[in-house]
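Down below is the structure, laid out as structure tokens.
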Amino acid sequence: MSGNMNLTLKVWRQKNKDSKGLLETYNVKNISPDMSFLEMFDVLNEELITKGEEPIAFDHDCREGICGMCSMYINGRPHGPKRGVTTCQLHMRSFKDGDTIVVEPWRATAFPVIKDLSVDRSAFDRIIASGGFVSVNTGNARDANNIPIPKDDADTAFDAAACIGCGACVAACKNASAMLFVSAKVSQLALLPQGQPERYMRVQSMVGQMDEEGFGNCTNTGACEAECPKGISLSNIARMNRDYIAAGLGSE
Amino acid sequence: MTSSKIDAKIPGGSLEDKWTTYRSTVHLVNPSNKRNLEVIVVGSGLAGASAASSLAELGYKVKVFCFQDSPRRAHSIAAQGGINAAKNYQNDGDSTYRLFYDTIKGGDYRAREANVYRLAEVSGNIIDQCVAQGVPFAREYGGLLSNRSFGGTQVQRTFYAAGQTGQQLLLGAYSSLQRQVGMGTVKMYTRHEMLDVVTIDGKCRGIIARDLVTGKLERHFGHAVLLCSGGYGNVFYLSTNAMGSNVTAAWKAHKKGAFFGNPCFTQIHPTCIPVSGDHQSKLTLMSESLRNDGRIWVPKKKDDPRKPADIPEDERDYYLERRYPAFGNLVPRDVASRAAKERCDAGYGVGTSKMAVYLDFAFNTKRYGQVEANKRNLHNPSEEEIIRLGKEVVKEKYGNLFDMYEQITGENPYEMPMRIYPAVHYTMGGLWVNYNLMTTVPGLYALGEANFSDHGANRLGASALMQGLADGYFVIPYTIGDYLSEEIRTKAIPTDHEAFVEAEARVQESIDKLMNIRGTKSVDHFHKKLGKIMWDKCGMARNVEGLKSAIEEIRELRAEFWKDVRIPGTANEFNPELEKAGRVADFLELGELMCKDALERNESCGGHFREEYQTEEGEALRDDENYAYVAAWEYMGDSKYELHKEDLKFENIKIAQRSYK
Amino acid sequence: MSSFTKMFSSSIGNKILVALTGLFLCSFLIIHVSGNLQLFYHDNGMAFNTYTVFMTTNPLIKTVSYILYVSILFHAFKGLHLAYKNKKARPVSYAVTNASANSHWTSRNMGVLGTILLVFIVVHMSDFWYEYKFGHLPFVKYEKNLTTGEITSSPFQGQISGKQEQYVVEAENKEVTIVKDLYAEVQEEFKNPLMVALYVIAMAAVSFHLFHGFKSGFQTLGLNHKKYNGIIRFLALYVFAIIIPVTFAAMPVYFFLK
């Protein structure tokens, strides 16, 4: 192994959703600063397998910061100490030799633990299924350039659409609120002409589903925005609130 | 002569009319019958999600399976640069024919004309559909869609959303899918992996899937099964694919009778972040769109110790511009990758490993800065001012990619050139399908990267997204009718049918076998070894000796795997090691077939470069006389495969030596 | 369920009500602090006492004050209810958190700050509001020389019909005002150092609570706009987190030192 960092890891181990978990301590040696955080976990797992122990289960897939599957709460912060970065893009050069690193799963009623650091985020899928779309069947569309969209609107919609659905916002929020996630989708579609016909219905259904899933209430601490690996802005939450009020006051 | 075992079912008529005529004459299923027909979709990427939602909209009962925790995580999400469409919005001479032509030529004349023309025909509809779904493509100040250029073309036809086009398209398809899930017309099975297809009387009738959380095996019936399970680049261990990307679904289908088309056609992408050490678990792509604005070079002097900025202009070798003046930095991927390898092998590589070349933005940063200064009416701006403005423009276009590069390498690409090197990215090969996208097993379809169909021996940039969505939105909804219209009398088959029972038992047996090995080495140990064999001997350059020894080595490795792999835990729980083991077991078989295919193809074409077959300048030397065919391999039992050929006829395009000079 | 009920029973609806009542309470504080500035007049409390009468008798203000009481109660109990629900949204807490890296501590402690304020409001209202309404406050008699404007005060032992009686004695060229002496109660209260300490602490809580609460209210109502966020932040910091609580806190300190 190429590196020279030695670290102490305290990792949450939990057999399944029904069992109780606890923090276990592991020592990893010869870690290279060029490794990603997940590659450091690969090294640890390889060791555990060789020793005949069970490796640590954690979610990950693309390892380039876009699929939103990785999800570790590292030293008290989702996706670790760097801003605008997912765990898979966090590199060990962000840590120092001798550090102790505590790694926990996302914690929320709506995100039950499956095993160790893996959690079930299907609540997000159900929220999207409740209204996070434009009802357009394949083949319905007219020419893409039929409706010009002001560049600023398109850019703002894109910024909201950059959400990767990782759930760091929920993990960071002291109330485990999903407002940033929901508002990003609501905003994206509210900003585009294609989203207008269902705009008010959408925000009501999505907020309704969000409440049903057992997420907490937003208290505007701003932790979600600060920890979001894609920099989704709090102004989306305000936009959603605005639309929600308009929907409640306006609809029949 | 095309083998009698395969029939591409290409409709008659002129190239331009084939698809239109086909669509108007293909059998239909009436709406009330659609409600009784069940379709299983495996994979939820662009092809899977778009197919599932479109079929559900039509009224079919659909089940979708993905191994990730949400359909939105499928690896289509990682595509960066863009999606092609022959819209000709830029008034630069684009047309359906030109997109067709570029794709066939880019694929080094190893793709089927009719399929590619259809792809080009529906490409425009894809953009319309995505915009209607609320996909926030990049726009100009006038509010209309913006385009950029990609490799292998001379027009601007690539639509994009910053460096996250795949993400935005997938989220569009995912939202359509979730809409159907919400309505109850699609049933979604996340964290499920397909482990076998079930055939009854020669027709595909369902799948066996494993619930990855509980470890339970499940039987699912379908009148038709669509494999939209992506490519197999992870056979190389290191690739730009996601960690979970695998060949298992396609491979199980192959072993149940679906022929595998052109397995050796793999795409090595020229612009990836170089390997930094043994710990590396995957490689990261830097979008091809960067080649729009970045110039690729190496120092003219070997082992030049100077920093890139200190090397003067006339001591730099812009080798792509030098070798291919017509296309310059925008040559197709296979050409760019080989050129990079050639320079590095010749000793001109840069960085600590010397296995990298520079991708330099300084020139265009300045150019953009100047344009921006003019736009903003700044007169006589200073050099720094221009560079600052230029960096802003570059940031807007590629900000996320630059950030990602800095995150991974610790170097700031705004200040110094990126170091890049080719890496495995895409597999043009896949399950052989006919014009209807049906494999050789009736009722079993393959869509997107999982099939072999449209890219020949090399895929052009921004065409994968196009193909995935074309297959799912605009092809399968029509072509599936051809088969299902014959199935309206088939009642749903109960899953206690002996074929299901037997298939499940076999899957269980193979899981038990894996669990009972209790060897000493991890799955990754074998995967890494396989990857090294594949990369060294079946990678960017291949030769007879290498391929022959690779086949031997893979067989040995496979035997060792089945004796010595260690999978901790049990099969009745969430066990990522077991999942990986199953996938690597399949890669260990596929790898051998890839080498066999590469060995069989005595020519160089596209991504398949056989060292024995090259021109004096080191360009790929095709043999159209003997190899203008699709190699469709039939599985005949352990390590035994039979080759069937589908001859490729080029009636609308003049087959020629590919030149980008 | 009607559209309104549905809206106000949702998470956002609940928060909108908390935001609306909160901002209403903020606006009340502006009135309250400006009125109470009269405590600093050197008139033995005449302006303050007559103002108090006005505030407790004017029908419009009385109506508003009932809305205010309801708002305080609603804001406090809804806030606590939401805080309880928020706790339930994360049943297993993190072993390690580093919340200071992503949020301001005031924003995370609105429940605690609010509870301090609730306790304070109970003490404050029972000492003054209850005393004034239902207690036995003495009356004071002010005599104002109409030529010089000089005011003298003396205790008034008798009975009057309402809270205030005012008449002019032309012969002596003076205006007599008899009024309930809340000012004396204020003076008395703030001789107690414990009370002064409680008030100063409570005003610190007001400062922190409003520093986040004022901005947060606008965000909840969807009023977040690049152009105006600066103004809201300015008001939150200077008006609601500094000027108002400092002015309020100055009152007990002033009487204590006086």
Side-chain angles (χ1 to χ4, degrees), chain A residues 10 12 20-21 23 73-78 81 83 102 104-105 107-110 113 170-177 179 203-204 207-208 210-211 214-227 233-252, chain C residues 1-16 18-20 78-79 81-111 114 212-226 229 232:
Chain A
K10 293 188 171 173
W12 185 260
K20 278 191 96 158
L23 284 173
Y73 197 83
I74 302 163
N75 280 348
R77 297 179 68 184
R83 287 209 166 188
V102 182
E104 299 174 75
R107 295 194 189 282
T109 306
V113 171
V170 175
C173 178
K174 75 175 191 67
N175 311 323
S177 163
M179 289 279 279
V203 68
Q204 288 184 317
V207 169
M210 172 183 85
D211 289 352
F215 291 104
N217 301 275
C218 171
T219 51
N220 304 321
T221 65
C224 52
E225 179 188 61
E227 298 294 6
S233 158
L234 281 184
S235 61
N236 292 308
I237 296 184
R239 189 178 291 107
M240 173 163 84
N241 290 340
R242 216 148 59 217
D243 277 12
Y244 190 77
I245 294 169
L249 298 182
S251 67
E252 287 181 22
Chain C
M1 220 182 337
S2 88
S3 164
F4 280 121
T5 353
K6 197 172 154 196
M7 170 169 163
F8 289 116
S9 57
S10 72
S11 60
I12 295 184
N14 272 305
K15 286 158 28 57
I16 289 168
V18 174
L20 284 173
K78 197 74 214 173
H81 178 222
L82 289 179
Y84 166 74
K85 286 209 325 205
N86 291 343
K87 270 261 172 296
K88 277 211 331 205
R90 175 166 296 136
V92 182
S93 47
Y94 291 113
V96 178
T97 51
N98 182 5
S100 60
N102 55 38
S103 54
H104 199 272
W105 76 268
T106 55
S107 73
R108 299 191 305 271
N109 292 286
M110 293 299 277
H212 175 69
F214 185 72
K215 291 180 292 188
S216 179
F218 282 91
Q219 166 79 2
T220 298
L221 295 175
L223 304 172
N224 172 320
H225 191 289
K226 248 190 258 169
N229 286 349
I232 293 172

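First the proteins, then the strands, lettered A, B, ... as listed; each starts at 1. If you're wondering where the values come from, they're calculated on a predicted model, not measured in any experiment.
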First locate atom [atom1] of [X], then atom [atom2] of [Y], and finally report the distance between them rounded to the nearest 0.5 Å.
X       : Y       : atom1 : atom2 : value
K15(C)  : S177(A) : NZ    : OG    : 7.5 Å
T220(C) : N220(A) : OG1   : CG    : 4.0 Å
E227(A) : S103(C) : CD    : OG    : 8.5 Å
H225(C) : R242(A) : NE2   : CZ    : 8.0 Å
C218(A) : I12(C)  : SG    : CD1   : 8.5 Å

Strictly distance-based, threshold 3.5 Å: is any side-chain N or O of [X] a donor or acceptor partner for the main-chain N or O of [Y]?
X       : Y       : value
Q219(C) : L234(A) : yes
R90(C)  : G216(A) : no
Y94(C)  : E104(A) : no
N217(A) : N86(C)  : no
H212(C) : T219(A) : yes

Interchain contact, [X] with chain C, by part (heavy-atom threshold 4.5 Å):
X       : answer
Y73(A)  : side chain
L23(A)  : side chain
P105(A) : backbone
C224(A) : neither

Next on the checklist: Quick check for you: among H104(C), K85(C), R108(C), which has the greatest number of heavy-atom pairs under 4.5 Å with chain A?
Outcome noted: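 Most heavy-atom pairs under 4.5 Å with chain A: R108(C).
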Next on the checklist: For a side-chain hydrogen bond (donor to acceptor under 3.5 Å, both in side chains) check, start with the C-alpha distance between S10(C) and D211(A), then their side-chain angles and the critical distance, and finish with the verdict.
Outcome noted: CA-CA 7 Å; S10(C) 72; D211(A) 289 352; 4.5 Å; no
Which portion of [X] sits near chain A, non-hydrogen atoms under 4.5 angstrom:
X       : value
T106(C) : neither
K88(C)  : backbone
L82(C)  : both

